[in-house]
Amino acid sequence: WDTGRYLGDIPQVEHPYSTVGNMNEHSLIITETTYGGRGELADSTGRMDYGSMIYITLQRAKTAREAIGVIVDLANTYGYASSGESFSIADPDEAWIMEVIGKGFEPDGKGGNARKGIVWVARRIPDGYVSGHANQARITTFPLDDPDNCLYSPDVISFAREMGYYEGPDAEFSFCDAYAPADFSALRACEARVWSFFRRVADGMDAYTDYAMGHNPANRMPLWVKPSKKPFCRMGSAAGSIRVLSIKSALPSIAISVRERKRFKPNSSPIAVLPQQYISEKISSELSVMFTLPIEICSQPVKVIIGWGI
């Protein structure tokens, strides 16, 4: 999808749904950010990359819950050809965050991959809350017996044990810590953008400044927050990359010292971006983007708004 590499063909369904961009005729929306994760979990034989998975799923699913099932079926049937992904999946009634990663390659003795497919977790964003992700896996622990609000692959924990990523009890298993451990740059360059967005819409986020700045990874901020600002007061759920929604949001000057800022940003402008530089500590979005996608799903009252940018 984004590499131009031909991965193969799959059968088409008899009646695919119409799509426009990242939305289909049933007001189902899917967007994503790439978090990468553990490199050894890549499957070079996979035929379904994350972009193809989005647009094929939009042709085959009516609701967010259906979309989760289609994504899993596509990856497990044809093999997953991308690195770790966070998906925002929303319909007029629900919004979910789904995080997936492949399982690497192990010959099955028949020319195929014995580990074909993905491990994954999907969490429903509670009504009245907002969430975000920005190129770092964000789902930590999750309920194991709440299918109305949390879905996951049967082997998401056992596979982590098999690979040596986790040894504790099931109830304490954290998806992102097992499959995409966050280092300093992941906190400072990725989680800080989510924090900046959360800080604009919800109270109490200054308590997580040391986490966003990469100094205290144990002080993890929540997966979603309840907005205190009026523009969000009637929003049922929101998910997606935070870049569009906080395009003007600069990281607070108190969070990063002048010396640190100059090391990364010689220019004093709050939206300065050096050529070919991906990380910008001073703003929560990139100055130039490939495309942006703000979407409002129509319902009464409005329940879901998504902002996405690359």
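All residue numbers refer to positions in the sequence shown, counting from 1. All values below come from the heavy atoms of this structure, side chains included, with hydrogens, waters and symmetry mates left out.
Ring pair Phe184/His215 is tilted by interplanar angle, where 30° to 60° counts as tilted.
Of the options Arg138, Glu32, Glu99, a side chain to side chain donor-acceptor pair (under 3.5 Å) to Ser86 is made by Glu99 and by none of the others.
One hydrophobic cluster holds both Tyr78 and Met98 under the rule that ILVMFWY side chains link at heavy-atom gaps under 4.5 Å. By the rule that hydrophobic residues join a cluster once side-chain heavy atoms approach within less than 4.5 Å of another member, Phe105 and Ile118 end up as members of separate clusters. Criterion: ILVMFWY side-chain heavy atoms under 4.5 Å apart, direct or through other members. Under it, Ile10 and Val13 are not part of a common hydrophobic cluster. No chain of hydrophobic side-chain contacts below 4.5 Å, direct or via other Ile, Leu, Val, Met, Phe, Trp or Tyr residues, connects Ile30 to Tyr17.
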Kindly determine whether Tyr35 and Ile101 satisfy side chain to side chain contact (heavy atoms under 4.5 Å, CB included), including the steps that lead there. CA-CA 9 Å; Tyr35 65 81; Ile101 195 167; 3.6 Å; yes
Stepwise side chain to side chain contact (heavy atoms under 4.5 Å, CB included) check, Met48 with Asn76: CA-CA 9 Å; Met48 189 61 56; Asn76 290 344; over 6 Å; no
Thr34 vs Ser83, test: side chain to side chain contact (heavy atoms under 4.5 Å, CB included). Steps then yes/no. CA-CA 7 Å; Thr34 300; Ser83 60; 3.6 Å; yes
Between Arg161 and Asp170, is the salt bridge (charged side-chain N to carboxylate O under 4.0 Å, His left out) condition met? List the steps. CA-CA 10 Å; Arg161 287 200 179 96; Asp170 288 2; 2.7 Å; yes
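Under a 4.0 Å N-O distance rule, the pair Asp73/Arg60 does not qualify as a salt bridge. Ion pairing of Lys116 with Asp108 is absent here, as no side-chain N (NZ or NE/NH1/NH2) approaches a carboxylate O to less than 4.0 Å.
Under the 6.0 Å distance and 45° angle rule, Arg123 does not count as a cation-pi partner of Phe142.
For the residue pair Arg47 and Leu7, the shortest heavy atom distance occurs at CG-O, 3.3 Å. Lys62 and Leu28 get closest at one heavy-atom pair: O-CB, 3.9 Å. A pairwise comparison of heavy atoms in Phe159 and Tyr179 identifies CD2-OH, 3.6 Å as the closest pair. Here the closest non-hydrogen pair linking Lys226 and Gly128 is CG-O, 3.7 Å. The two residues Gln136 and Cys190 come nearest to each other via the heavy atoms CB-CB, 3.8 Å. Pairing each heavy atom of Leu187 with each of Ala182, the nearest pair is CD2-CB, 3.9 Å.
A side-chain donor-acceptor contact under 3.5 Å links Arg38 to the backbone of Ala178. A distance-only check finds a donor-acceptor pair linking the side chain of Arg188 to the backbone of Met213 [under 3.5 Å]. At least one donor-acceptor pair under 3.5 Å links the side chain of Asn113 to the backbone N or O of Glu106. A donor-acceptor distance shorter than 3.5 angstrom exists from the side chain of Trp195 to the backbone of Met205, with no hydrogens or angles considered. Not one N or O on the side chain of Asn219 forms a donor-acceptor pair closer than 3.5 Å with the backbone of Tyr211. No donor-acceptor pair under 3.5 Å is formed between the side chain of Asn24 and the backbone N or O of Ser18.
Here the straight-line distance linking atom CD1 of Ile97 with atom CG of Leu223 works out to 4.5 Å at 0.5 Å rounding. Here the CE-OG1 distance, from Met221 to Thr140, works out to 11.5 Å after rounding to the nearest 0.5 Å. Going from atom OH of Tyr50 over to atom CD of Glu85 covers 5.5 Å, rounded to the nearest 0.5 Å. One distance of note links CD1 of Ile71 with CD1 of Ile54; it measures 7.5 Å at 0.5 Å rounding. The CD atom of Glu25 sits 11.0 Å away from the CG atom of Leu58 when rounded to the nearest 0.5 Å. Atom CZ of Phe198 and atom OG of Ser131 lie 4.5 Å apart (nearest 0.5 Å).
Side-chain contact between Tyr55 and Thr19 is absent, with no heavy-atom pair separated by less than 4.5 Å. Residues Arg115 and Thr45 fail the side-chain proximity criterion, which asks for heavy atoms closer than 4.5 Å. Within the 4.5 Å cutoff, the side chain of Thr57 has no heavy atoms near those of the Phe87 side chain. Within the 4.5 Å cutoff, no side-chain heavy atoms of Glu162 are placed close to those of Asp155. Using a 4.5 Å cut-off on side-chain heavy atoms (C-beta onward), Met163 and Lys103 make no contact. Residues Tyr166 and Glu172 meet the side-chain proximity criterion, which asks for heavy atoms closer than 4.5 Å.
Heavy-atom contacts from other residues, nucleotides or ligands closer than 6.0 Å to CD of Glu167 number 12 or fewer.
If you check the side chains of Tyr80 and Asp49, you find no donor sitting under 3.5 Å from an acceptor.
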